[in-house]
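Encoded as structure tokens, the structure appears first; notes follow it.
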Amino acid sequence: MGPGDPAVFKTVGCSNHSGRFDSCLFRMYETLPQVEALLQHPSIGKWFVHVSRPVAADVLRTTIEEFRTRIRVEEKGFDLDEIVSACEKALATISCQRLQRVINATGVIIHTNLGRAPISRENWERVGPLNYSYTNLEFDVAKGKRGKRSSFTSLLLTKMSGAEDALVVNNNAAAIFLILSAFAKRKEVIVSRSELVQIGGGFRIPDILKASGAKLVEVGTTNITTLSDYLDAINEKTAMVLRVHRSNFALRGFTEEVGVRDLKNHLPSDLLLVVDQGSGVVDRRIPSETTVARHIASGADLVSFSADKALGSVQAGCIVGKGELVAKLGKHPLFRTMRIGKTVSSLLEATLVDLLNGVDQPVGTLLFRGVAELRKTGRSILERIKSERLSLIEDTMTLGGGSTPDESLPSLSIRLESSNPRKDAQTLRLRPVPIITTIHKGAVHINLGTVMRHETEELVSALGDLVEAP
Ligand SMILES: *Cc1c(COP(=O)(O)O)cnc(C)c1O
């Protein structure tokens, strides 16, 4: 909209009771730069790589519009520098939304808001070339004809779990939806009342059952579910017993639940026993979690889990279990809507090979790093910054991602005394590499347990800048 635009005349005309055009305001409007002109400005051009030129143009248009309003309301003009600086601020705000690296100082290792498991850098680099080239994603190189997608991923998953076969989809929610749709549509699925959980943002077991066309049959109570609760609920419409990892909450006190093996031993053989294991724990060093392999060994027909939680890989949902069942899932039309591509496939394969070889992924490294190392890191940071406001305190961290909800691991935090902790936390977030912290009792906590080794230097600069700021 230019100054000659009728809408401008109208706006200006409204404020002029004489009905004549207000030439003073008109001149101030004229000083507003055109979007095209601003796009040529060197301070603006550098944002194109971050937000793209068309998005930048929209931001400029909105900002200029705001200045147009201010001219009318405040009845004064603005110089170009002021306008460019406002545009840059708006561009910075919008580019914050772009996916970017952040430093996790929250003490939650698998933080869904922060992208869950970081992927091993070695693996990322290893699979790079096959992502920017063509690959044999669905091609059998040995036979020279069409092959099966992710067949090697499945092989690795069977090795890891002891299951007969495996299938990978986009996430665990999709995995469960596929299993229910394929085997329990218009049939009944028995779930304990103690496992009707909501996991994170909007994934509710009863809702996913309903959406799949399966009928939920709740058994037991919140704290106690017995074998006979399950057995009494079985009728000719029953297709499946579904066990769900409670994920983000724990049951303590007067409780009872039935083990997978016990269930398997007593269920009629035509009923499926499916376990939503959730976190994908395969590591026996996490004693409180039942591994995927344990569930398979106990007789689960199918087990599903996320690949980007404790497994430490990319976002995907894995299904392992009986060969004929997995084959049916692979042929189901819904599977086609959930299949993974070469990026996920390549990263998941690399993670699984590592895990089978006993090589920790970043999640494992963080989990088993030990407090002694954190203390050394923490002390060296404090020695270098030397500020009354900083201290090293004992703290805890959690695995997160819906596993071990009840357990915390020892960690250390740098405590930043602050007269305005929210503002200091924001200052740390608005750095080129945002640092995400938590606030406890009026102080900012930088939990070292989730800060990766190579991020220490950035932490030192950030804290140095913060405590030295006037
Ligand atoms: C995390 C989780 C899910 C959802 O998995 P996504 O991979 O996020 O789709 C489902 N069930 C359990 C028990 C979980 O912990």
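We count ligands from 1, going down the list as the structure has it; atoms in each ligand are counted the same way.
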Practice prompt. Give the atoms of ligand 1, by number and element, whose distance to some non-hydrogen atom of His245 is under 4.0 Å.
Written response: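 So the atoms of ligand 1 that pass are 13 (C).
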Item to complete: Using a strict cut-off of 4.0 Å, indicate which atoms of ligand 1 neighbour a heavy atom of Gly278.
Response: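 Every atom of ligand 1 under 4.0 Å from some heavy atom of Gly278: 12 (C), 13 (C), 14 (C), 15 (O).
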Discussion item. Looking only at distances, can you tell me whether any N or O atom of Ala173, backbone or side chain, sits closer than 3.5 Å to an N or O atom of ligand 1?
Written reply: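 Yes: some nitrogen or oxygen of Ala173 is under 3.5 Å from one in ligand 1.
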Nearest protein heavy atom to [atom], by residue and atom, and its distance?
atom: atom 1 (C) of ligand 1; answer: Lys309 NZ, 1.4 Å
atom: atom 7 (O) of ligand 1; answer: Ser306 OG, 2.7 Å
atom: atom 11 (N) of ligand 1; answer: Asp276 OD2, 2.6 Å
atom: atom 3 (C) of ligand 1; answer: Asn172 ND2, 3.5 Å

Is [X] salt-bridged to [Y], going by a charged N under 4.0 Å from an acidic O?
X: Lys441; Y: Glu417; answer: no
X: Glu88; Y: Lys46; answer: yes
X: Arg121; Y: Glu125; answer: yes
X: Asp465; Y: Arg431; answer: yes

Worksheet item: Would you say the side chains of Glu257 and Thr225 form a donor-acceptor pair under 3.5 Å?
Response: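 No - no donor-acceptor pair under 3.5 Å links their side chains.
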Fill in: Test item, Arg116 contacting ligand 1 (heavy atom, 4.0 angstrom)
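Within the 4.0 Å threshold, so yes.
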Item to complete: Go through the structure and list residues passing side-chain contact (heavy atoms from CB on, under 4.5 Å) with Arg384, not counting sequence neighbours.
Response: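 Testing Arg384 for side-chain contact (heavy atoms from CB on, under 4.5 Å), a comparison that skips the adjacent residues, returns Glu457, Val460.
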